[in-house]
Amino acid sequence: MRFPQKHTLQQIATIISSEYVGDPDFPVLGMNEIHVVTPGDIVFVDHPKYYDKALQCAATIVLINKKVECPEGKALLISDDPFRDFNLLTNYFKPFEKSNSLISSSAKIGKNTIIQPGSFIGNNVTIGDNCLIHANVSIYDNTSIGNNVTIHSGTVLGADAFYYKNRPEGFDKLLSGGRVVIENNVDLGASCTIDKGVTGDTTIKEGTKIDNQVHIGHDTVVGKKCLIASQVGVAGCVVIEDEVTIWGQVGITSDVTIGKKAIISAQSGVSKSLPGNKSYFGTPADDFRKKYKEIAAIRQVPDLIEKLKENG
């Protein structure tokens with residue numbers, strides 16, 4: 001998430017009432033999660049296990065809960081609760097904005113685009129030309145939709161990320177300040193849910209077709225010309241490369257990559273990254289032929305046990 005204008009380290013420290021290490025005028029351009037940070041971004045870390053990763057990542061400002069040696073060319077914000085203060089910054093730069101109508105006056109809608117009755121179009125949404133938005137679609141603030149996009153009834157674009165910190169008093173929610181980006185020539189079926197990024201974008205790229213009742217988690221990127229069948233669930237921060245086919249009821253865990261032109265058969269469970277140009281099946285998903293050989297072998301086990309009993 002980029003800030004509307006450049007801020008200084010001292011200004012950010014004042015907003016969250018924290019100490020800082022570095023030049024007071026050190027430039028701060030935005031804030032992001034660690035997998036999408038760039039120079040000028042703030043990243044937060046609140047566990048010693050991840051200190052080194054955060055301090056060495058591309059972000060140049062680290063919001064951290066302990067005074068440590070500051071890497072050259074970077075700055076630190078010292079906080080007793082980085083999770084809380086990251087939320088404070090999200091709320092400061094991207095506060096919730098109430099809507100007063102079904103279609104916000106700040107929304108930009110292209111030529112020949114049809115929006116059926118009952119659909120909600122939030123603040124600062126952009127929709128391109130020749131789109132068809134069916135009844136009762138909800139498009140949250142800041143969503144970007146390209147040209148020639150069809151979205152069927154009941155679909156929700158831009159709900160919050162499913163991201164919580166477990167505290168003694170209960171689960172504390174990480175606020176979502178990102179967007180959903182739908183590129184040109186995408187079709188979305190009925191009752192799909194695509195969550196916005198925590199600070200970045202959840203992106204569905206050009207030409208992808210998604211069936212009914214599919215969930216896409218925060219900050220996930222779905223490549224070009226993918227096919228995703230009904231009841232697929234994709235967690236956050238997944239990368240699905242171009243021309244991947246995912247059949248019904250597949251579940252994909254977070255932080256994995258599905259390679260280009262991979263095919264994942266129905267009801268498979270993906271728990272690790274999968275190379276492209278191969279077919280996969282099963283839980284955990286593995287090479288299609290290998291998995292079927294395993295199933296065939298398992299079916300022989302009862303006969304083998306009976307033979308052992310007979311020979312015993």
Side-chain angles (χ1 to χ4, degrees), residues 1-20 22 24 26-38 40-47 50 54 57 59-65 75-101 104-107 120-126 138-144 156-181 193-202 217-220 236-237:
M1 179 171 71
R2 287 281 153 171
F3 298 153
Q5 61 190 42
K6 182 177 77 172
H7 284 65
T8 67
L9 182 66
Q10 187 176 50
Q11 287 173 325
I12 298 298
T14 300
I15 292 169
I16 61 175
S17 302
S18 76
E19 297 180 58
Y20 63 88
F26 192 92
V28 186
L29 307 178
M31 54 190 284
N32 265 313
E33 288 190 279
I34 196 164
H35 62 286
V36 289
V37 287
T38 57
D41 282 343
I42 301 168
V43 69
F44 86 90
V45 62
D46 57 5
H47 195 289
Y50 303 110
C57 76
T60 44
I61 305 94
V62 181
L63 176 59
I64 191 170
N65 59 342
L76 304 179
L77 293 160
I78 312 301
S79 165
D80 64 319
D81 192 335
F83 188 98
R84 176 201 66 209
D85 288 341
F86 201 75
N87 271 346
L88 283 173
L89 290 172
T90 299
N91 201 42
Y92 183 89
F93 288 104
K94 276 283 182 73
F96 176 75
E97 186 179 349
K98 180 183 175 182
S99 291
N100 296 308
S101 60
S104 170
S105 60
S106 62
F120 169 75
I121 312 296
N123 300 300
N124 305 310
V125 168
T126 60
S138 294
I139 301 176
Y140 287 28
D141 293 1
N142 305 306
T143 297
S144 174
V156 177
L157 305 185
D160 288 345
F162 189 74
Y163 194 139
Y164 296 86
K165 183 179 179 66
N166 191 3
R167 298 188 187 273
E169 62 273 19
F171 292 109
D172 191 5
K173 182 177 183 176
L174 187 65
L175 299 180
S176 299
R179 304 186 301 165
V180 169
V181 175
T193 52
I194 301 178
D195 292 346
K196 62 188 169 187
V198 170
T199 51
D201 295 338
T202 303
H218 69 90
D219 295 285
T220 283
C237 305

**Q** Out of curiosity, Asp219 CG to Lys196 NZ, how far, rounded to the nearest 0.5 Å?
**A** 11.5 Å

**Q** Is a side-chain donor or acceptor of His47 paired with a backbone partner of Val45 at a separation under 3.5 angstrom?
**A** no

**Q** If I take atom OG from residue Ser105 and atom CD1 from residue Ile121, how far apart are they, to the nearest 0.5 angstrom?
**A** 13.0 Å

**Q** Under the side chain to side chain contact (heavy atoms under 4.5 Å, CB included) criterion, do Val28 and Thr8 qualify, and how do the steps go?
**A** CA-CA 5 Å; Val28 186; Thr8 67; 6.0 Å; no

**Q** Does the pair Thr90 and Met31 meet the rule for a side chain to side chain contact (heavy atoms under 4.5 Å, CB included), with working shown?
**A** CA-CA 8 Å; Thr90 299; Met31 54 190 284; 3.2 Å; yes

**Q** Tell me whether the rings of Tyr140 and Phe120 are parallel (<30°), tilted (30 to 60°) or perpendicular (>60°).
**A** perpendicular

**Q** Which residue in the set Asp160, Asp201, Val198 passes side chain to side chain contact (heavy atoms under 4.5 Å, CB included) when paired with His218?
**A** Val198

**Q** Are the side chains of Asp195 and Ser176 in touch, meaning some heavy atoms are under 4.5 Å apart?
**A** no

**Q** Under 3.5 Å, is there a donor-acceptor pair between the side chain of Thr199 and the main chain of Glu33?
**A** yes

**Q** Give the ring-plane orientation class for Phe44 versus Phe83, where under 30° counts as parallel, over 60° as perpendicular and anything between as tilted.
**A** perpendicular

**Q** Carefully, step by step, assess Asp141 and Ser104 under the rule side chain to side chain contact (heavy atoms under 4.5 Å, CB included).
**A** CA-CA 9 Å; Asp141 293 1; Ser104 170; over 6 Å; no

**Q** Yes or no on side chain to side chain contact (heavy atoms under 4.5 Å, CB included) for Leu77 and Asp85, after CA distance, side-chain angles and deciding distance?
**A** CA-CA 10 Å; Leu77 293 160; Asp85 288 341; over 6 Å; no

**Q** Can you measure from CG (Leu89) to CE (Met1) and round to the nearest 0.5 angstrom?
**A** 7.5 Å

**Q** Are Asp46 and Lys165 packed together at the side-chain level, in the sense that at least one heavy-atom pair is separated by less than 4.5 angstrom?
**A** yes

**Q** At what distance, to the nearest 0.5 angstrom, does SG of Cys57 lie from CG of Asp41?
**A** 8.5 Å

**Q** Quick one: which of Val181, Thr143, Ile194, Leu157 gives a side chain to side chain contact (heavy atoms under 4.5 Å, CB included) with Thr202?
**A** Ile194

**Q** Quick one: are Leu175 and Phe96 in side-chain contact, heavy atoms under 4.5 Å?
**A** no

**Q** Hey, is CZ on Phe162 packed in by over 12 heavy atoms from elsewhere, all under 6.0 Å?
**A** no

**Q** Please verify the inter-ring angle class for Phe93 with Phe3; under 30° counts as parallel, over 60° as perpendicular, anything in between as tilted.
**A** parallel

**Q** Output all residues satisfying side-chain hydrogen bond (donor to acceptor under 3.5 Å, both in side chains) with Arg167, sequence neighbours left out; order by chain, then residue number.
**A** Asp81, Asp172

**Q** CD1 of Ile16 to CD1 of Ile42: how many Å apart, nearest 0.5 Å?
**A** 7.0 Å

**Q** Give, for atom CG of Leu76 and atom OG1 of Thr60, the distance between the pair rounded to the nearest 0.5 Å.
**A** 11.0 Å

**Q** Measure the shortest side-chain to side-chain distance between Ser99 and Asn123 over non-hydrogen atoms and say whether it is less than 4.5 angstrom.
**A** yes

**Q** So do Arg2 and Thr38 actually touch side chain to side chain, heavy atoms under 4.5 Å?
**A** yes

